[in-house]
Amino acid sequence: MRCAKLLQNSIFRQYESFPVNDKKIAFLGGGNMASAMIGGLIKQGMLPNNILVVEPYGPTRDKLLQDFGIQAMTEPSSLLVTAGLIIWAVKPQVFKEASQQTCNFAPTALHFSVAAGIRSSSIAAWLRTDNVVRSMPNTPALIGKGMTALYARPAVTQAGKAWVERVVASMGEFLWLNEESHLDAVTAISGSGPAYVFYFLEAMTEAAVKMGLSAEQGRRLAISTFSGASELAHRSDEPLETLRQRVTSKGGTTYAALMSMEGDAIKPHFIKAMQAAELRAKELGDEFGK
Ligand SMILES: NC(=O)c1ccc[n+]([C@@H]2O[C@H](COP(=O)([O-])OP(=O)(O)OC[C@H]3O[C@@H](n4cnc5c(N)ncnc54)[C@H](OP(=O)(O)O)[C@@H]3O)[C@@H](O)[C@H]2O)c1
């Protein structure tokens, strides 16, 4: 794994010499994830007329025009031949069908998929090319705070990877994986992770209300505690355990809460829950690949 965290501050400087308008980029699917990436590319200086989008849904096409000045196509056409990079941002259920409509128009492109669960071997077979990068982003990508894990099939060149990095950096952090099977673990940790955070935020808010605070006060306290503690961990090289111990004096209030959680075996149960997510990711990969 190569973590891009340290690169983050310098990422755009690093890519300054990378010609953002050198080749066109096409998006299959113009929904949420595509919009997050298109917004990032335009911010980096990419011209809207170098971005092609295939989007069958009228209101979503209208939004692309309104937000970015991009006139999306209703279906794949020979215009896609001009795209060096094709980004797959459709729902997993429609990927296979969309690839069948597209593969003839994209014989030499690099394909980059953000679709959950679809294995790169399926994508390679459907599109008849090994030039494929598969990823697993998460929802904070929509506000530039995402975490995306990437896996490239061996045929992808360094230049191809750099191009994908440039697109992904606009959605937040990223890391490369050497083994594609690890994307199931990534799905369980960071892909589904925002839902676990919301779940704990809900619990903290409910606890606050039980203790007499308003729901709004509880929400603010919970959210800002999560983001503050996360930022603290982000900026620190110390083990998470040390950070936790530093706010847990023996016999104190935090200690009482943590002892209660230990007594209820919250941590092993939480780990078990993520293992269930990993198993489901594997099952979905088998289903979608058929
Ligand atoms: N949102 C996230 O945070 C997140 C996180 C991880 C992974 N992902 C993955 O990212 C992908 C996109 O997610 P999203 O949230 O951006 O979904 P979305 O907003 O629903 O966008 C997908 C778009 O693709 C369009 N589409 C459907 N069939 C198509 C076709 N044959 N050709 C071209 N476009 C087609 C859809 O139109 P219709 O509405 O008409 O179907 C929709 O506008 C999914 O595979 C998802 O698993 C998303």
Side-chain angles (χ1 to χ4, degrees), residues 25-41 51-68 70-77 79-80 83 86-106 109 111-120 122-123 126-127 132-151 164 167-168 170-175 177 180 183-198 277-278 280-285 287-289:
I25 294 182
F27 286 82
L28 265 290
N32 294 315
M33 292 304 284
S35 295
M37 287 182 270
I38 292 169
L41 286 167
I51 301 173
L52 307 168
V53 184
V54 179
E55 170 53 59
Y57 188 51
T60 306
R61 283 200 304 278
D62 294 345
K63 193 157 180 344
L64 289 165
L65 188 60
Q66 191 185 320
D67 292 352
F68 308 115
I70 291 174
Q71 187 95 49
M73 303 173 243
T74 52
E75 56 184 30
S77 79
L79 274 180
L80 291 177
I86 298 197
I87 301 179
W88 290 83
V90 291
K91 293 282 187 214
Q93 297 83 337
V94 303
F95 198 120
K96 187 177 182 182
E97 192 195 329
S99 65
Q100 283 158 354
Q101 299 160 350
T102 307
C103 64
N104 289 338
F105 301 123
H111 294 269
F112 170 46
S113 165
V114 299
I118 313 261
R119 297 199 177 118
S120 73
S122 304
I123 300 172
W126 295 338
L127 292 168
V132 174
V133 175
R134 180 189 158 196
S135 72
M136 182 65 213
N138 64 6
T139 21
L142 304 177
I143 54 160
K145 294 275 184 189
M147 181 70 224
T148 303
L150 300 156
Y151 169 77
V164 166
V167 175
V168 166
S170 66
M171 297 196 290
E173 292 184 23
F174 59 85
L175 62 82
L177 302 173
E180 182 169 8
L183 276 170
D184 293 329
V186 167
T187 304
I189 306 297
S190 57
S192 302
Y196 316 148
V197 173
F198 300 139
E278 185 197 19
R280 187 67 190 130
K282 280 194 175 74
E283 289 170 353
L284 287 173
E287 258 173 56
F288 290 141

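First listed ligand is number 1; within each ligand, the first listed atom is number 1. Only a predicted model underlies this, so the values are computations on that prediction, with no experimental measurement involved.
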Can you name the ring-ring contact (aromatic ring centres under 6.0 Å, His included) partners of Phe198, sequence neighbours left out?
-> none
Can you give me a line-by-line list of nitrogen or oxygen pairs between ligand 1 and the protein shorter than 3.5 Å?
residue  : atom   : partner : partner atom : Å
ligand 1 : 3 (O)  : Thr139  : N            : 3.3
ligand 1 : 10 (O) : Val114  : O            : 3.4
ligand 1 : 16 (O) : Asn32   : N            : 3.1
ligand 1 : 16 (O) : Met33   : N            : 2.7
ligand 1 : 17 (O) : Lys91   : NZ           : 3.2
ligand 1 : 19 (O) : Asn32   : N            : 2.9
ligand 1 : 19 (O) : Asn32   : ND2          : 3.2
ligand 1 : 34 (N) : Gly29   : N            : 3.4
ligand 1 : 37 (O) : Glu55   : OE2          : 3.1
ligand 1 : 43 (O) : Glu55   : OE1          : 2.7
ligand 1 : 43 (O) : Glu55   : OE2          : 3.1
ligand 1 : 45 (O) : Val90   : O            : 2.6
ligand 1 : 47 (O) : Ala116  : N            : 3.1

Partners meeting side-chain hydrogen bond (donor to acceptor under 3.5 Å, both in side chains) with Arg119 (sequence neighbours left out) = Asp286
Could you tell me whether a side-chain N or O of Ser113 sits under 3.5 Å from a main-chain N or O of Ala115, the two making a donor and an acceptor?
-> yes
Please state whether the rings of His111 and Trp88 are parallel, tilted or perpendicular, taking 30° and 60° as the class boundaries.
-> tilted
Can any side-chain N or O of Thr187 pair as donor or acceptor with the backbone N or O of Leu183 at less than 3.5 Å?
-> yes
Enumerate, atom names and distances included, each donor-acceptor pair closer than 3.5 Å involving a side-chain atom of residues 142-151, sequence neighbours excluded.
none

